[in-house]
Amino acid sequence: QQAIERGDLIPREEVLRKYSKREREEIAERVRYLKAAMELRRVRKQLHLSQAEFAKKMSVKREFISRIESGKQNVTLDTLYRIAEVTGKESQLSFR
């Protein structure tokens with residue numbers, strides 16, 4: 001908020017206003033994938049695993065992990081459960 005007040009940043013709403021409704025929806029969809037991607041990368045790095053090591057544990061190709069972490073791969077619930085199993089984490093689904 002201080003950076004916005006100083007003029008260093010532009011509020012997100014102001015930036016999004018410049019896009020059409022359709023473009024805003026596409027951006028929101030992309031953000032969902034990127035949030036999941038960032039979380040997977042965070043957990044993988046926390047476990048000190050390379051993409052190749054992580055992929056081997058999941059029995060998938062490294063490129064699959066790379067696509068997930070770049071937000072280009074839509075993941076299924078099955079994949080999420082497999083990620084949780086490999087990382088020793090609990091998978092949780094919630095609607096807010």
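Because the structure is a prediction, the values reported are computed rather than measured. Counting begins at 1 with the first residue of the sequence.
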Should the pair Glu63-Arg67 be classified as a salt bridge under the 4.0 Å nitrogen-to-oxygen rule? no

Under 3.5 Å donor-acceptor, Arg62 side chain and Gln51 backbone: no

For the residue pair Ser59 and Arg82, what are the closest heavy atoms and their distance? O-NH2, 4.1 Å

In short, Ser91 meets Ala84 closest at the heavy-atom pair CB-CB, 3.8 Å

Arg30 (side chain) donor-acceptor with Glu25 (main chain) under 3.5 angstrom: no

Arg42: what forms a side-chain hydrogen bond (donor to acceptor under 3.5 Å, both in side chains) with it, not counting sequence neighbours? Glu39

Would you say Phe64 and Val86 are hydrophobically clustered, going by side-chain heavy atoms of ILVMFWY under 4.5 Å? yes

Applying a strict under-4.5 Å side-chain criterion to I, L, V, M, F, W and Y, I'd like to know whether Tyr19 and Val31 cluster together. yes

How about CG on Leu34, more than 12 heavy atoms from neighbouring residues, nucleotides or ligands closer than 6.0 Å, or not? yes

CG on Leu40 to OG1 on Thr87, rounded to 0.5 Å: 8.5 Å

Under a 4.5 Å side-chain heavy-atom rule over Ile, Leu, Val, Met, Phe, Trp and Tyr, are Leu16 and Leu9 clustered together? no

Is the CD atom of Glu13 crowded by more than 12 outside heavy atoms at less than 6.0 Å? yes

Determine the minimum heavy-atom distance between Arg44 and Leu49, stating which atoms define it. NH1-O, 2.7 Å

Within the 4.5 Å heavy-atom criterion, are Val60 and Phe54 side-chain neighbours or not? no

So, for Arg41 and Ser70, which heavy atoms are closest and what is the spacing to 0.1 Å? NH2-N, 4.2 Å

Ignoring hydrogens and angles, state whether a donor on the side chain of Glu23 or Ser20 is under 3.5 Å from an acceptor on the partner side chain. yes

Nearest 0.5 Å, what's the OH-CG distance between Tyr33 and Asn74? 3.5 Å

So, the side chain of Thr79 versus the backbone of Val75: is there a donor-acceptor pair under 3.5 Å, distance only? no

Minimum heavy-atom distance Ile68-Gln73, with the two atoms named: N-CB, 3.6 Å

Give a yes or no on whether Tyr81 and Val43 share a hydrophobic cluster (residues Ile, Leu, Val, Met, Phe, Trp, Tyr; joining criterion: side-chain heavy atoms under 4.5 Å apart). yes

Please round to the nearest 0.5 Å and tell me the distance separating atom NZ of Lys89 and atom CG of Leu80. 15.0 Å

Could you go through Glu53 and Lys57, starting from their C-alpha distance and side-chain angles, then the distance that decides it, and tell me whether this counts as salt bridge (Lys or Arg N to Asp or Glu O under 4.0 Å)? CA-CA 6 Å; Glu53 292 166 329; Lys57 287 181 174 279; over 6 Å; no

